[in-house]
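Remarks on the structure that follows.
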Amino acid sequence: MATAARVIAVASNTTTASCFLRKAPLVLKQRSLSSSGGRRLTKRLFFTCNAIHKPQVQIKEEGQPETLDYRVFFVDDSGKKISPWHDIPLHLGDGAFNFVVEIPKESSAKMEVATDESYTPIKQDTKKGKLRYYPYNINWNYGLLPQTWEDPSFANSEVEGALGDNDPVDVVEIGEKRRKIGEVLKVKPLAALAMIDEGELDWKIVAISLDNPKASLVNDVDDVEKHFPGTLSSIRDWFRDYKIPDGKPANKFGLGNKAANKDYALKVITETNESWAKLVKRTIPAGELSLL
């Protein structure tokens, strides 16, 4: 029997950019800013393009959840498949970014974009042919920043020389509302955690959705502790320890085991956006990664 496909609207009245499907290198400008530690960081601005109205992005589910063939594809308003990694724009202006939900809060199925499959749908991760689950529920909405990539050939001198994990940058969205797989949210970054997983750098950008009632109150790392007390340490501890029940060692964190501030998070986003641009321009070998 043919597998049924379910089409669900996940974003409406969204504004995207005229470079929606463009795989072009970034044109960057620079200006300086200060980090929380007093050092001068160089802020390289994202490329910009004219905003246009994009009425709707939908998800198309194929297969049944919690099966090996389950996929969540993204389609535009004409029904054409698009990639949530490559085709949804990163930067929305005014400090806002698109965030694609892979794992809703209070769930344990380890969902992720299939970076090696055409149109990079969301699927449940596997190991040795079996579906993967976290040992306990994740307490936040979790997903990716589109048009970012952690370059596995780049050794980050600020984080123990760790190499990128070959994936888009992860986001931990701290709002109270449980979101849906494939939902696209407008978020603002607040902090960054430099997780080191088996020697690979796996950034966690802490962010909040702009539709959260507290969003206007939370603008940097210190505001997170004020309005969401204990959240940053809980995120760090959760990602540090989640592999221990499977007999693996705890993950480590760089940057003094602390969350970096918003400016540093923006620096991470900028750098990984640049890496993605090089990837899709094919100035860096893609290996098994899909660029469709």
Side-chain angles (χ1 to χ4, degrees), residues 16-30 42-49 57 71-76 80-92 97-102 111-123 125 142-159 161-171 182 184 187 189 192 194-205 207 254 264-292:
T16 73
S18 59
C19 53
F20 187 66
L21 296 174
R22 182 181 174 189
K23 306 295 194 297
L26 309 186
V27 177
L28 302 167
K29 298 180 180 180
Q30 296 188 342
T42 299
K43 182 175 182 181
R44 287 162 287 188
L45 303 182
F46 297 90
F47 78 100
T48 58
C49 35
V57 176
R71 297 291 185 275
V72 178
F73 286 95
F74 287 66
V75 297
D76 63 17
K80 180 182 177 181
K81 285 182 178 178
I82 62 171
S83 165
W85 181 19
H86 300 308
D87 296 329
I88 292 177
L90 169 64
H91 194 235
L92 295 171
F97 299 83
N98 274 322
F99 158 56
V100 180
V101 179
E102 295 169 302
M111 309 299 294
E112 62 181 20
V113 290
T115 57
D116 59 349
E117 297 183 13
S118 295
Y119 301 107
T120 62
I122 296 174
K123 69 172 185 177
D125 191 22
Y142 189 57
L144 71 127
L145 287 175
Q147 298 184 344
T148 62
W149 178 57
E150 298 195 48
D151 182 355
S153 69
F154 174 68
N156 192 309
S157 60
E158 297 180 0
V159 191
L163 301 173
D165 71 351
N166 203 32
D167 281 325
V169 171
D170 296 327
V171 173
V184 181
V187 301
M195 191 175 92
I196 303 172
D197 182 356
E198 298 181 11
E200 295 181 337
L201 180 55
D202 187 2
W203 287 107
K204 308 299 179 190
I205 301 297
Y264 200 100
L266 292 173
K267 172 178 176 283
V268 170
I269 295 170
T270 302
E271 291 176 348
T272 55
N273 179 235
E274 292 174 24
S275 295
W276 169 84
K278 294 175 183 177
L279 176 70
V280 297
K281 191 184 176 186
R282 293 173 170 81
T283 59
I284 295 177
E288 296 182 357
L289 297 176
S290 172
L291 302 183
L292 292 178

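What you see is a predicted model, and the numbers here were worked out from it, not measured in a lab. These values consider heavy atoms only, across backbone and side chains, with no hydrogens, waters or symmetry-generated copies.
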Start with the C-alpha gap between Trp149 and Asn166, add the side-chain angles, then the distance that decides, and say whether side chain to side chain donor-acceptor pair (under 3.5 Å) holds. CA-CA 6 Å; Trp149 178 57; Asn166 203 32; 3.1 Å; yes
Separation of [Y] [atom2] from [X] [atom1] (nearest 0.5 Å):
{"X": "Ile88", "Y": "Leu145", "atom1": "CD1", "atom2": "CG", "value": "11.5 Å"}
{"X": "Asp170", "Y": "Lys204", "atom1": "CG", "atom2": "NZ", "value": "3.5 Å"}
{"X": "Ile205", "Y": "Leu144", "atom1": "CD1", "atom2": "CG", "value": "12.0 Å"}
{"X": "Leu201", "Y": "Leu163", "atom1": "CG", "atom2": "CG", "value": "9.0 Å"}

If you compare all heavy atoms of [X] against all heavy atoms of [Y], which two are closest, and at what distance to 0.1 Å?
{"X": "Asn273", "Y": "Gln147", "value": "ND2-O, 2.8 Å"}
{"X": "Leu279", "Y": "Ala286", "value": "CD1-CA, 3.8 Å"}
{"X": "Val100", "Y": "Pro84", "value": "CG2-O, 4.1 Å"}
{"X": "Pro168", "Y": "Trp85", "value": "CG-NE1, 3.5 Å"}
{"X": "Gly254", "Y": "Ile196", "value": "N-CD1, 4.1 Å"}
{"X": "Thr272", "Y": "Glu150", "value": "CG2-CG, 4.2 Å"}

Under the side-chain contact (heavy atoms from CB on, under 4.5 Å) criterion, do Ile122 and Phe74 qualify, and how do the steps go? CA-CA 9 Å; Ile122 296 174; Phe74 287 66; 3.9 Å; yes
From CA spacing to verdict: side-chain contact (heavy atoms from CB on, under 4.5 Å), Met195, Asp197: CA-CA 6 Å; Met195 191 175 92; Asp197 182 356; 3.9 Å; yes
Under the side-chain contact (heavy atoms from CB on, under 4.5 Å) criterion, do Arg71 and Tyr119 qualify, and how do the steps go? CA-CA 11 Å; Arg71 297 291 185 275; Tyr119 301 107; over 6 Å; no
Any ion pair linking Lys267 and Glu271 (charged N to carboxylate O, less than 4.0 Å)?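 Salt bridge present between Glu271 and Lys267.
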With side chains defined as the heavy atoms from C-beta onward, is the minimum distance between Phe97 and Leu266 less than 4.5 Å?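 Phe97 vs Leu266: side chains touch.
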Side chain proximity check, Leu292 to His86, heavy atoms < 4.5 angstrom: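 A side-chain contact under 4.5 Å is absent here.
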Side chain to side chain contact (heavy atoms under 4.5 Å, CB included) with Ser153: which residues, sequence neighbours excluded?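 Side chain to side chain contact (heavy atoms under 4.5 Å, CB included) check on Ser153 returns Asp151.
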Of all residues at least two apart in sequence or in a different chain, which pass the side chain to side chain contact (heavy atoms under 4.5 Å, CB included) check with Asp125?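 Here the qualifying residues are Lys110, Glu112, Arg132.
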Quick one: does Thr148's side chain have a donor or acceptor within less than 3.5 Å of a partner on Ile269's backbone?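 Here the side-chain-to-backbone pair does not exist.
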Tell me, with the steps shown, if Asn156 and Trp203 meet side-chain contact (heavy atoms from CB on, under 4.5 Å). CA-CA 11 Å; Asn156 192 309; Trp203 287 107; 4.0 Å; yes
Pair Ser290-Thr120, side-chain donor/acceptor within less than 3.5 Å: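 No, no side-chain donor-acceptor pair sits under 3.5 Å.
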From Asp76, Ile82, Val57, residue fulfilling side-chain contact (heavy atoms from CB on, under 4.5 Å) relative to Asp87: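 Exactly one option meets the side-chain contact (heavy atoms from CB on, under 4.5 Å) with Asp87, and it is Ile82.
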